K.L.:
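Handing you a structure now.
Here is the naming used below: chain letters follow the sequence lines, and residue numbers restart at 1 for every chain. Because the structure is a prediction, the values reported are computed rather than measured.
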Amino acid sequence: MRVPTEPPEPPVPSCPAVPVADDAGAPAADLVPRTVAWFAEHRRDLPWRAPDRTPWGVLVSEVMLQQTPAARVAPVWTRWMERWPSPRDLGQAPTAEVLRAWGRLGYPRRALRLQECARAVVDRHRGVVPGDEGALRALPGVGSYTAAAVVAFAHGGRSVVLDTNVRRVVARVVGGHALPPPSQTAAEVRQATALVPAAAADAAAWAAASMELGAVVCTARSPRCTDCPVADLCRWRAAGYPGDQHADRRRSQGWVGTDRQVRGRVMHALRDATGPLPLTAVADLWPDAGQLQRCVDGLVADGLVQRVGAGEDPALRLPG
DNA sequence: AAACCGTGGCT
DNA sequence: TAGCCAAGGTT
């Protein structure tokens, strides 16, 4: 964590002893309106924010954005929506083409669930994306965040949108901490809920604005506090940028040699292949035959891969 | 409920 | 691909 660069300013004097207890009192009333006003001027021009976007397009974007940066999603989303504008279109598409269009967004099971979601929207809701959070959550690949986001961004409704960006903003501005806890807590939900304006339109605006603030200003690594519209309200800044108190964060899982790397290689090869890929060719993808076998079995179980040619020349292909 | 699930950019 | 991080969800 690099301490943010501040404008020339004495270390403390302009911020006299602000008490920074955990879950200290209510945040300044200015927080929401100022953040919303900042967003109106600084919002990125992302394709799923275009005026002619559809609720389905918003849902598609939210699924693509799960753990994938917006810059990487944008071009894929645009082509995707041209090709399959409605849930009915996506539901009827060959799954192999869906997986190829997903490309390198990562976590291809999301693509599978998105297609299942499209079919569920058609079957359960006559092709109309529901505005009810419970109905949304019941859709494949839609969890608490995505359901709340669709309520806000697709329907302009009131919801508590608590993604990694909002969690970080709230942890800093309200909680005075460098980072939120490793996993979401009830206290965070309470704090976030308390910030959501009563009127639906204001709530939706706050959701978009707070996420954007976390994404482009209040970032995890090098926050740009000099550009922050609420820096003077921020308890983390007032406290002198104390370090992360969650010292025992889990170390990242690593990559080289993991099943995820193997699965990624297999999927990559299958996306590039025009037809079925012979197992002899699959075997060349990874030196450890046992691990490879296990990973292929897993991909088949997940519905991402199919076995074909059971006799002489067995092969793998993307599901039809 | 801790683990698993891809990929690429940034520090 | 060192380590971290990204508009999480599922089991």
K.L.:
Rounded off to whole Å, could you give me the OH-to-P distance for the Tyr107(A) and dA3(B) pair?
P.N.:
15 Å

K.L.:
Work out how far the C1' atom of dT1(C) is from that of dA6(C), and round it to whole angstrom.
P.N.:
15 Å

K.L.:
Counting side-chain heavy atoms from C-beta on, which of dA7(C), dC4(C), dC5(B) comes nearest to Arg221(A)?
P.N.:
dC4(C)

K.L.:
Would you call Arg119(A) and Glu116(A) a salt bridge, using N to O less than 4.0 angstrom?
P.N.:
no

K.L.:
For His268(A) and for Ser183(A), locate the closest nucleotide of DNA chain B by heavy-atom distance; then report the residue assigned to the nucleotide nearer the 5' terminus.
P.N.:
Ser183(A)

K.L.:
The criterion is side chain to side chain contact (heavy atoms under 4.5 Å, CB included); which residues satisfy it with Thr68(A), sequence neighbours excluded?
P.N.:
Arg72(A), Val73(A), Leu105(A), Arg110(A)

K.L.:
Think Thr146(A) has a side-chain N or O under 4.0 angstrom from the OP1 or OP2 of dG9(C)?
P.N.:
yes

K.L.:
Under 4.0 Å, heavy atoms only, any strand: does Leu46(A) hit a base, just the sugar-phosphate, or nothing?
P.N.:
base

K.L.:
Just how far, in rounded Å, is C1' of dG6(B) from CZ of Arg113(A)?
P.N.:
13 Å

K.L.:
Nearest to the side chain of Leu179(A), which nucleotide is it out of dG6(B), dC5(C), dG9(C)?
P.N.:
dC5(C)

K.L.:
To the nearest Å, how far apart are Phe153(A) CZ and dA7(C) C1'?
P.N.:
8 Å

K.L.:
OP1 or OP2 of dT7(B) versus the side-chain N and O atoms of Arg271(A): is any pair under 4.0 Å?
P.N.:
yes

K.L.:
Is it true that the side chains of Ser159(A) and Glu133(A) contain a donor and an acceptor less than 3.5 Å apart?
P.N.:
no

K.L.:
Rounded off to whole Å, could you give me the CG-to-P distance for the Leu105(A) and dT7(B) pair?
P.N.:
10 Å

K.L.:
Take Gly141(A) and Trp48(A), find for each the nucleotide of DNA chain C with the closest heavy atom, and name the residue whose nucleotide sits nearer the 5' end.
P.N.:
Trp48(A)

K.L.:
Reckon Gly143(A) touches a base, only the sugar-phosphate, or nothing at all at heavy-atom distances under 4.0 Å?
P.N.:
sugar-phosphate

K.L.:
Is there a side-chain polar atom (N or O) of Arg104(A) under 4.0 Å from OP1 or OP2 of dG8(B)?
P.N.:
yes

K.L.:
Taking the same atom, P, in dA7(C) and in dC5(B), what whole-Å distance lies between them?
P.N.:
22 Å

K.L.:
Determine the minimum heavy-atom distance between Trp84(A) and Ala93(A), stating which atoms define it.
P.N.:
NE1-CB, 3.3 Å

K.L.:
What is the separation between atom CD on Gln67(A) and atom C1' on dA3(B), rounded to the nearest whole Å?
P.N.:
14 Å

K.L.:
Which listed nucleotide (dG8(C), dC5(B), dA6(C)) is nearest to the side chain of Arg263(A)?
P.N.:
dC5(B)

K.L.:
Would you mind reading off the distance between Arg44(A) atom CZ and dA6(C) atom P, rounded to a whole angstrom?
P.N.:
12 Å

K.L.:
Going by atom types only, do Glu62(A) and Tyr145(A) share a side-chain donor-acceptor pair under 3.5 Å?
P.N.:
yes

K.L.:
Whether Arg168(A) contacts dA6(C) is assessed here as follows: a side-chain N or O lying under 4.0 Å from the phosphate OP1 or OP2. Is that the case?
P.N.:
yes

K.L.:
Of the listed nucleotides (dC5(C), dG8(B), dA6(C)), which one gets closest to any side-chain atom of Thr164(A)?
P.N.:
dA6(C)

K.L.:
Which nucleotide sits closest to the side chain of Arg72(A): dT7(B), dA7(C), dG6(B)?
P.N.:
dT7(B)

K.L.:
When you measure from the side chain of Glu62(A), which nucleotide among dT1(C), dA7(C), dG6(B) comes out closest?
P.N.:
dA7(C)

K.L.:
Go nucleotide by nucleotide along DNA chain C from the 5' end; which of Arg137(A) and Asp163(A) gets its closest nucleotide reached first?
P.N.:
Asp163(A)

K.L.:
Met64(A) has an atom CE; how far is it from atom P of dG6(B), in whole Å?
P.N.:
16 Å

K.L.:
Between Arg88(A) (side chain only) and Gly127(A) (backbone N and O only), is there a donor and an acceptor less than 3.5 Å apart?
P.N.:
no

K.L.:
Once you round it to whole Å, what is the distance between C1' of dG6(B) and CG of Leu304(A)?
P.N.:
11 Å

